[in-house]
Amino acid sequence: PLAIAISPPGGALVFASSRDGHVSSWDALTGAATGSFDLGRELLASVLLADGRRLAAFTRRVGAGVWDVRSGQLLRSLEGSLGMLPAMVKASGDLVAACGKEGSGMRPPRAVVWHSRSGRRVFDLEGPAEVFLPALPTFGSWPFCRIALGPERSLLSMAFETEEV
């Protein structure tokens, strides 16, 4: 699996998503399958939102969106997400943040935050120019950027792994 998440509150469901875009869920207590759906596209990263009912997923060819985990229905596309190749995705409340490469060619990493209910891009932060991400990264081989969202949705931190310590 590409990503595994346990739904809040109480961890009633476990979700797993794979690179081919397939998302499955199981009852955490019994292990019984509770559902699955297919995003129909190559998945780069995904994160379960705080309500446990929505999944934000980033795809290579279409961009990012928010899906209902029970029905598999696309609820909202995330504005300006096409071309974002995330190294990390996080969620806090209704916010979805991704850190990675945006666009083609050699560019510095970028952190972007979207509101999951409206799909609006609400914050954008470019990393330092001396940290470049390759044009076609392979997971595990690029200088990763890391992000964290504060619990009150008022803090975004972004850090980069480089060859220097």
Side-chain angles (χ1 to χ4, degrees), residues 1-5 7-8 15-21 23 37 39-69 72-164:
L2 176 66
I4 297 174
S7 69
F15 294 89
S17 53
S18 61
R19 289 204 194 280
D20 67 1
V23 178
F37 64 95
L39 298 173
R41 45 193 69 95
E42 183 183 1
L43 188 62
L44 297 172
S46 64
V47 64
L48 190 63
L49 297 174
D51 61 13
R53 298 186 312 250
R54 296 173 297 141
L55 179 84
F58 289 74
T59 63
R60 187 176 299 276
R61 291 182 185 83
V62 181
V66 176
W67 279 263
D68 179 282
V69 296
Q73 177 184 1
L74 176 65
L75 301 173
R76 178 92 48 229
S77 293
L78 299 182
E79 169 184 290
S81 62
L82 184 60
M84 182 69 166
L85 299 174
M88 177 175 249
V89 177
K90 293 284 187 179
S92 178
D94 283 331
L95 299 180
V96 175
C99 182
K101 178 188 176 314
E102 186 174 47
S104 60
M106 295 294 283
R107 292 183 178 215
R110 178 173 296 280
V112 181
V113 179
W114 292 268
H115 192 277
S116 65
R117 294 196 188 274
S118 69
R120 281 186 320 109
R121 191 169 174 152
V122 295
F123 185 77
D124 214 307
L125 177 65
E126 187 171 285
E130 62 271 9
V131 178
F132 287 100
L133 299 178
L136 293 171
T138 57
F139 289 95
S141 69
W142 28 324
F144 284 108
C145 55
R146 300 285 187 233
I147 53 172
L149 283 169
E152 299 301 318
R153 302 181 306 260
S154 61
L155 176 68
L156 169 71
S157 68
M158 184 164 87
F160 304 95
E161 176 186 325
T162 64
E163 293 179 4
E164 296 179 12

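A64 pairs by the side-chain contact (heavy atoms from CB on, under 4.5 Å) definition with F58, L78, S81, not counting sequence neighbours. Applying the side-chain contact (heavy atoms from CB on, under 4.5 Å) rule to S77 yields the partners L74; only residues at least two apart in sequence or on another chain are considered. Residues satisfying the side chain to side chain donor-acceptor pair (under 3.5 Å) criterion with D124, sequence neighbours excluded, are R110, R121. Residues meeting the side chain to side chain donor-acceptor pair (under 3.5 Å) test with R117, sequence neighbours left out: D94.
Smallest separation of non-hydrogen atoms from S46 and L55: CB-CD1, 4.1 Å. Pairing each heavy atom of V113 with each of A97, the nearest pair is CG2-CB, 3.9 Å. Of all the heavy atoms in G52 and V69, the pair that sits closest is O-CG2, 3.7 Å. Closest approach of R54 and S116 over heavy atoms only: NH1-OG, 2.9 Å. Looking at every heavy atom in both residues, W114 comes nearest to G80 through CZ2-O, 4.5 Å.
Atom SG of C99 and atom NZ of K90 lie 11.5 Å apart (nearest 0.5 Å).
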